[in-house]
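Take a look at the structure below.
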Amino acid sequence: MAQNTRLFSSIPPLSILRSSEKCHHQSMATFSTFCPSNPVSLSRPSSIFHHRCSSRFLNRIRSMSGSSDVREHFGGSIGFLGLGIMGTPMAMNLCNAGFDVKFWNRTQGKSNQLTEMGIKYMSNPAELASTCDVTFAMLADPESAIEVACGINGVASGISAGKGYVDMSTVDVATSKLISEKIKENGGLFLEAPVSGSKKPAEDGQLIFLTAGDLSLYKTVSVLLDVMGKSKYFLGEVGNGASMKLIVNMIMGSMMASFSEGLLLSKKAGLDPDILIKVLSEGAISTPMFSMKGPSMVQSTYPTAFPLKHQQKDMRLALGLADTVSQPMPVAVAANELYKAAKAQGLSDHDFSAVIEALKSELATS
Ligand SMILES: NC(=O)C1=CN([C@@H]2O[C@H](COP(=O)(O)OP(=O)(O)OC[C@H]3O[C@@H](n4cnc5c(N)ncnc54)[C@H](OP(=O)(O)O)[C@@H]3O)[C@@H](O)[C@H]2O)C=CC1
Ligand SMILES: O=CC(=O)O
């Protein structure tokens with residue numbers, strides 16, 4: 001107990017500001033971007049904010065599709081880099097809400113859906129960043145995030161004063177800081193904004209943004225984050241968003257490994273795994289992840305929403321984060337070994353729930 005007190009007392013107090021209505025931020029006048037007629041006062045100084053979108057306001061923004069209203073909230077042009085499982089629906093939501101969107105993807109052929117919607121393809125990230133007011137990226141991993149931002153014809157070589165770069169890829173703190181420095185050296189503003197939520201929340205505009213970095217850019221793009229998501233946090237210094245995301249995904253990855261173990265044990269013990277899923281859904285450890293992924297796991301099918309290779313990347317990066325603060329991570333280390341084994345079995349591009357296959361292989365050889 002005493003140890004816990006010491007651990008948490010070293011963390012600055014979080015004054016997370018909540019709003020039940022998107023336009024009724026209870027304590028922050030500076031965040032009235034969407035609702036200028038609704039100024040509110042700053043009750044406590046803080047660099048950490050949380051805004052929840054009210055469905056009423058969200059529906060209004062979404063119903064503005066194609067209308068000029070939406071441009072009153074953000075009149076600039078938007079670049080989008082990385083049209084994978086997540087990037088494609090996110091870019092489509094921005095376009096459907098009436099914003100002016102252009103894009104680039106490494107493999108041009110994968111983005112036909114967007115070209116068919118009339119979204120213009122730019123020849124490289126530098127050209128995209130130089131012609132857009134704000135450029136978003138949703139890339140696979142630290143390597144691709146660095147290459148696209150800092151490489152030849154990268155965002156940093158196209159960006160200039162007043163333009164913003166928002167990197168939503170899940171990366172580690174060092175990568176995010178490196179990209180931030182490069183963008184700032186070239187006069188741009190930087191916001192890291194990894195997301196919690198998978199393919200379906202991306203399609204439905206229900207993501208949770210974990211942002212950090214330039215506060216003015218956060219304010220500028222708030223309306224765009226609200227089109228793509230249901231909730232957003234501003235967590236202060238660059239690196240805090242990355243860390244928060246890695247911790248969330250480390251927990252998720254460990255939970256999935258443990259869930260897999262339970263499903264297999266129920267079967268071995270002569271129980272029906274489908275009933276286990278039902279029991280879990282009714283109790284205190286109920287989670288949408290178990291209810292949504294469990295039935296297909298029982299059928300040994302893993303339709304990809306969150307690729308297993310990305311979950312293993314997040315486990316690895318979260319363990320790296322723990323290393324920097326010398327925290328032992330026995331549960332996550334064990335789970336990471338399973339994801340590595342699943343990758344070695346060729347399951348990288350399957351959904352991360354395919355980690356159960358690595359356990360099945362262990363059982364078969366034990
Ligand atoms: N899927 C999910 O449920 C979630 C994913 N995330 C995170 O979001 C990010 C994107 O995930 P997701 O959309 O699933 O991933 P995908 O694997 O579907 O897409 C990855 C994207 O990165 C691009 N890319 C990969 N390597 C390079 C490179 N070297 N240079 C340029 N572009 C590259 C790919 O381009 P190309 O088409 O050419 O291959 C593609 O556009 C990841 O960081 C992931 O961890 C976060 C929340 C949920
Ligand atoms: O990063 C994955 C997610 O589901 O969140």
Side-chain angles (χ1 to χ4, degrees), residues 79-93 103-115 121-126 128-129 135-155 166-172 175-176 179 192-211 228-231 233 241-242 244-256 287-290 292-293 302-318 339 343 348-355:
F80 209 106
L81 293 159
L83 282 303
I85 292 170
M86 297 296 283
T88 300
M90 292 165 85
M92 285 169 77
N93 281 341
F103 76 99
W104 174 86
N105 192 55
R106 178 181 61 174
T107 313
Q108 190 176 355
K110 281 195 195 167
S111 36
N112 291 341
Q113 245 184 316
L114 280 99
T115 343
Y121 183 83
M122 304 303 277
S123 59
N124 58 55
L128 188 73
T135 301
F136 287 90
M138 194 52 165
L139 299 156
D141 50 24
E143 293 73 25
S144 53
I146 292 173
E147 193 179 327
V148 168
C150 314
I152 297 165
N153 288 327
V155 173
V166 183
D167 192 347
M168 305 180 292
S169 325
T170 304
V171 299
D172 56 308
T175 297
S176 203
I179 295 172
E192 64 179 6
V195 304
S196 191
S198 195
K199 187 177 178 219
K200 180 80 168 63
E203 288 165 356
D204 296 346
Q206 292 290 305
L207 296 168
I208 302 161
F209 285 92
L210 306 171
T211 78
M228 296 185 281
K230 64 174 179 187
S231 171
Y233 289 76
M244 183 66 84
K245 172 63 185 166
L246 292 177
I247 294 166
V248 170
N249 273 31
M250 177 275 296
I251 296 171
M252 183 170 81
S254 300
M255 280 171 67
M256 178 54 83
T287 155
M289 182 173 88
F290 296 161
M292 277 160 35
K293 308 240 182 220
Y302 314 103
T304 310
F306 183 39
L308 187 137
K309 64 184 173 198
H310 293 333
Q311 176 64 76
Q312 196 278 317
K313 174 251 311 177
D314 295 350
M315 297 303 286
R316 173 172 59 80
L317 297 179
Y339 288 100
K343 270 174 70 176
S348 285
D349 292 319
H350 287 66
D351 189 70
F352 77 118
S353 49
V355 71

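No experiment lies behind these values; they were computed from the predicted model shown. Every number for a ligand or one of its atoms is a count from 1 in the order of the listing.
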Protein heavy atom at shortest distance from [atom]:
atom                    : value
atom 19 (O) of ligand 1 : G84 CA, 3.4 Å
atom 22 (O) of ligand 1 : A140 N, 3.2 Å
atom 41 (O) of ligand 1 : N105 OD1, 2.7 Å
atom 39 (O) of ligand 1 : R106 NH2, 2.9 Å
atom 48 (C) of ligand 1 : G197 O, 3.0 Å
atom 18 (O) of ligand 1 : I85 N, 2.9 Å
atom 7 (C) of ligand 1  : T170 OG1, 3.4 Å

In Å and rounded to the nearest 0.5 Å, what is the [atom1] to [atom2] distance from [X] to [Y]?
X    : Y    : atom1 : atom2 : result
M228 : M138 : CE    : CE    : 9.0 Å
Y121 : N112 : OH    : CG    : 11.0 Å
K199 : M86  : NZ    : CE    : 11.0 Å

Just distances here: any N/O of M252 and N/O of ligand 2 closer than 3.5 Å?
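Between M252 and ligand 2, no N or O pair is found under 3.5 Å apart.
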What part of [X], side chain from CB on, backbone N/CA/C/O, both or neither, has a heavy atom under 4.0 Å from ligand 1?
X    : value
M86  : both
H310 : side chain
V148 : side chain

Expected output: side-chain [X] to main-chain [Y] donor-acceptor under 3.5 Å:
X    : Y    : result
T88  : G84  : yes
N153 : A126 : no
K309 : A140 : no
N93  : M90  : no
T304 : D349 : yes
Q311 : N249 : yes
Y233 : I208 : no
T175 : V171 : no

For ligand 1, which is the ligand I care about here, please tell me if [X] has any N or O atom under 3.5 Å from one of the ligand's N or O atoms.
X    : result
K245 : no
L83  : yes
V195 : no
S169 : no
W104 : no
P307 : no

For [atom], which candidate among [options] provides the closest heavy atom?
atom                    : options                : answer
atom 10 (C) of ligand 1 : T304, L139, L317, T107 : L139
atom 3 (C) of ligand 2  : Q311, H310, K245       : K245
atom 27 (C) of ligand 1 : S144, A202, P194       : S144
atom 1 (N) of ligand 1  : S198, S348, A305       : A305

Using a 6.0 Å cut-off, check whether atom CD of Q113 has over 12 heavy atoms from anything other than its own residue.
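Count not over threshold, so no.
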In terms of relative ring orientation, are F352 and Y339 parallel, tilted or perpendicular, with 30° and 60° separating the classes?
parallel
Which part of T170 is near ligand 2, with near meaning a heavy atom under 4.0 Å away: side chain, backbone, both or neither?
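Near ligand 2, T170 shows nothing, with every heavy atom at 4.0 Å or more.
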Using the rule given for side-chain contact (heavy atoms from CB on, under 4.5 Å), can you reason through F103 versus T115, listing the C-alpha separation, both sets of side-chain angles and the distance that settles it, and then say yes or no?
CA-CA 9 Å; F103 76 99; T115 343; 4.1 Å; yes
Any idea which atoms of ligand 2 are less than 4.0 Å away from a heavy-atom of F306?
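Near F306, meaning under 4.0 Å from one of its heavy atoms, ligand 2 has 1 (O), 2 (C).
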Which atoms from ligand 1 have a heavy atom of [X] less than 4.0 Å away?
X    : result
K110 : 36 (P), 37 (O), 39 (O)
G82  : 41 (O)
M138 : 8 (O), 21 (C)

Determine, stepwise, if the pair S353 / M289 fulfils side-chain contact (heavy atoms from CB on, under 4.5 Å).
CA-CA 10 Å; S353 49; M289 182 173 88; over 6 Å; no
Ligand 1 contact by K313, heavy-atom criterion under 4.0 angstrom
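Yes; K313 lies near enough to ligand 1 that a heavy-atom distance drops under 4.0 Å.
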Exactly one candidate in D141, D172, L246 meets side-chain contact (heavy atoms from CB on, under 4.5 Å) with D314; the answer is L246
